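Working notes for the structure below.
These numbers come from a predicted model, not from an experiment.
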Amino acid sequence: MMPRKRKWLTPLNAVQSKPSFSPADTSGSLTGVFDGNSSPVSSKYFTEEKRTSSRLGTDFFNQPCINLAKSFLGQILVHKLPDGRELRGRIVETEAYLGGEDAASHSKGGKQTARNAAMFMKPGTLYVYQIYGIYFCMNVSSQGEGAAVLLRSLEPLQGLDTMKQLRSAQRKASAKPLKDWQLCNGPSKLCQAFSINKSFDQKDLVRDTAVWMELGSEAPGEQAVVTAARIGVSYGGEWAQKPLRFYIRGNKCVSVVDKKVESEQGAAD
């Protein structure tokens, strides 16, 4: 039997609440030691210590869906490939899907299926589904029965050449070369660039050795976060207009910029 999550859906009037997690400064972490000639010596012990301390754990993921969607902004997604190379990207855009009451969610009505099972598992579980028979989208479960956060866009940080190869493999040979900011500026694009497919469904970001999240160097301030309607969920009726998409203002890697909302929020600040 799969572990169940506690039934807790955050009211929509909490959208403007601050994230319940504030990243700490990790700039002082040790990454190596020095010999008598002051030359750096690689040490797996220091490397592992840094990774362990910066990896996001259970307490981070165990948040109400809206809070988690906002707290993801600025954090780092990591995929360690089978050959040992690591891909890293900063999360710059997310969407919250609140579970049973959310008509745009795959778990609307509280219905659990083989496809959406990960949405009902413990916070920090990946929910990866396929669209159009060829593309994938990546979500992370949160507090709340059937609630999860869609990762919409990343700012690529490490392994860009590999990301370009992975993206190019699914594009026409005649297509123009991708610019760095175009590698992960959409939910399916980031899955392509990070080689994420259905095999990642139900993986645990807290314990998995191939995919995890790390603490970002800095979190965006409240005024730097834009709150807008979600993308491509017109089937959700009134829920299509709910302010459940969050992105970092001014980041070029965001998939869709809502200029109207930015103008309104700027006037209100």
Side-chain angles (χ1 to χ4, degrees), residues 23 51 54-56 69-96 126-140 148-201 203 205 208-220 224-226 228 230-232 245-259 262:
R51 179 172 299 166
S54 64
R55 181 168 180 158
L56 300 179
K70 296 172 76 173
S71 294
F72 273 151
L73 298 177
Q75 312 308 336
I76 309 301
L77 177 68
V78 185
H79 179 198
K80 185 175 183 178
L81 300 174
D83 62 7
R85 288 177 296 169
E86 292 184 356
L87 307 177
R88 279 181 167 78
R90 180 182 184 224
I91 301 170
V92 299
E93 183 182 5
T94 62
E95 289 180 348
L126 286 183
Y127 169 43
V128 180
Y129 62 88
Q130 193 169 29
I131 59 174
Y132 306 125
I134 51 176
Y135 302 119
F136 296 94
C137 292
M138 182 181 189
N139 306 255
V140 183
V149 177
L150 172 69
L151 303 184
R152 276 202 62 90
S153 297
L154 304 175
E155 177 184 339
L157 300 176
Q158 179 178 326
L160 274 67
D161 288 342
T162 300
M163 294 182 198
K164 290 176 181 178
Q165 292 172 3
L166 289 166
R167 286 291 316 279
S168 296
Q170 298 192 45
R171 303 177 75 234
K172 296 180 179 179
S174 58
K176 294 182 179 179
L178 292 168
K179 298 183 182 300
D180 292 350
W181 61 269
Q182 296 175 315
L183 292 174
C184 305
N185 63 333
S188 294
K189 294 176 182 178
L190 73 85
C191 283
Q192 287 180 10
F194 269 65
S195 192
I196 300 294
N197 54 38
K198 187 65 176 177
S199 69
F200 285 79
D201 187 49
K203 285 186 177 293
L205 286 174
D208 200 85
T209 58
V211 61
W212 63 88
M213 285 189 188
E214 294 179 353
L215 189 66
S217 60
E218 60 181 83
V225 176
V226 178
R230 293 173 293 188
I231 304 297
R245 181 167 69 100
F246 310 98
Y247 67 85
I248 299 177
R249 186 193 304 269
N251 190 288
K252 196 171 183 179
C253 299
V254 170
S255 65
V256 179
V257 172
D258 193 321
K259 294 183 178 179
E262 286 193 18

Asn251 CG to Trp181 CH2 distance, which is reported to the nearest 0.5 Å:
11.5 Å

Could you check if a side-chain atom of Cys137 sits within less than 4.5 angstrom of a side-chain atom of Ser188, using non-hydrogen atoms only?
yes

In Å and rounded to the nearest 0.5 Å, what is the OG1 to CZ distance from Thr94 to Arg245?
9.5 Å

For Gln165, which residues count as a side chain to side chain donor-acceptor pair (under 3.5 Å) partner, sequence neighbours excluded?
none

With Ser195 via side chain to side chain contact (heavy atoms under 4.5 Å, CB included) - residues at least two apart
His79, Leu81, Leu166

Please round to the nearest 0.5 Å and tell me the distance separating atom SG of Cys184 and atom CD1 of Ile91.
11.0 Å

List in chain and number order the residues that pass side chain to side chain donor-acceptor pair (under 3.5 Å) with Asn139, two or more places apart in sequence or in another chain; answer none if no residue qualifies.
none

Between atom OG of Ser153 and atom CG of Leu190, what is the distance when rounded to the nearest 0.5 Å?
7.0 Å

How would you list, by chain and number, every residue that makes a salt bridge (charged side-chain N to carboxylate O under 4.0 Å, His left out) with Arg171, sequence neighbours excluded?
none

With no hydrogens and no angle check, is any side-chain donor or acceptor of Glu95 less than 3.5 Å from a backbone partner on Ile231?
yes

Please name all residues satisfying side chain to side chain contact (heavy atoms under 4.5 Å, CB included) with Val225, sequence neighbours left out, ordered by chain then number.
Leu73, Pro220, Phe246

Non-neighbouring partners of Asp161 that pass salt bridge (charged side-chain N to carboxylate O under 4.0 Å, His left out), sequence neighbours left out
none

Contacts of Arg167 meeting salt bridge (charged side-chain N to carboxylate O under 4.0 Å, His left out) (sequence neighbours excluded), chain-then-number -> none

Side-chain polar contacts of residues 127-136 - donor-acceptor pairs under 3.5 angstrom, sequence neighbours left out - could you list them?
unit_1: Tyr127; atom_1: OH; unit_2: His106; atom_2: ND1; d: 2.6
unit_1: Gln130; atom_1: NE2; unit_2: Gly133; atom_2: O; d: 2.8

Nearest heavy atoms of Glu262 and Arg249, plus distance in Å:
O-NH1, 3.5 Å

Residues at least two apart in sequence or cross-chain that pass salt bridge (charged side-chain N to carboxylate O under 4.0 Å, His left out) with Asp201, listed by chain then number, are Lys198

Inter- and intrachain pairs under salt bridge (charged side-chain N to carboxylate O under 4.0 Å, His left out), touching residues 173-182, at least two apart
Lys164-Asp180

Rounded at 0.5 Å granularity, tell me how far SG in Cys253 sits from CZ in Arg90.
9.5 Å

Run the side chain to side chain contact (heavy atoms under 4.5 Å, CB included) test on Val257 and Tyr247 for me, step by step, so that the C-alpha distance in whole Å, both residues' side-chain angles and the decisive distance to 0.1 Å come before the verdict.
CA-CA 9 Å; Val257 172; Tyr247 67 85; 3.8 Å; yes

Candidates Leu151, Leu154, Leu183, Val211 - the one meeting side-chain contact (heavy atoms from CB on, under 4.5 Å) with Phe194
Leu154

Taking C-beta and beyond as the side chain, do Gln75 and Leu215 meet within less than 4.5 Å on heavy atoms?
yes

Apply the test side chain to side chain contact (heavy atoms under 4.5 Å, CB included) to residues Ile248 and Glu155: give CA-CA distance (whole Å), side-chain angles for both, the deciding distance (0.1 Å), then the verdict.
CA-CA 11 Å; Ile248 299 177; Glu155 177 184 339; over 6 Å; no

Pairwise distance CG(Leu205) to CE(Met213) - rounded to 0.5 angstrom
5.5 Å

Side-chain heavy atoms of Lys80 within contact of Thr209, under 4.5 Å:
no

Exercise: identify the closest heavy-atom pair between Ala228 and Asp258:
CB-OD2, 3.9 Å

Ile76 vs Leu56, side chain to side chain contact (heavy atoms under 4.5 Å, CB included): CA-CA, chis, key distance, verdict:
CA-CA 9 Å; Ile76 309 301; Leu56 300 179; over 6 Å; no

Taking Arg85 for the side chain and Thr162 for the main chain, is one N or O donor matched with an acceptor at less than 3.5 Å?
no

Could you work out, with side chain to side chain donor-acceptor pair (under 3.5 Å) as the rule, every residue matching Ser255, not counting sequence neighbours?
Glu93, Arg152

I'd like to check the side chain to side chain donor-acceptor pair (under 3.5 Å) partners of Ser168; sequence neighbours left out, ordered by chain and number.
none

Report the C-alpha separation of Leu150 and Arg230 in whole Å, then their side-chain angles, then the decisive distance to 0.1 Å, and conclude whether the side chain to side chain contact (heavy atoms under 4.5 Å, CB included) test is met.
CA-CA 10 Å; Leu150 172 69; Arg230 293 173 293 188; over 6 Å; no

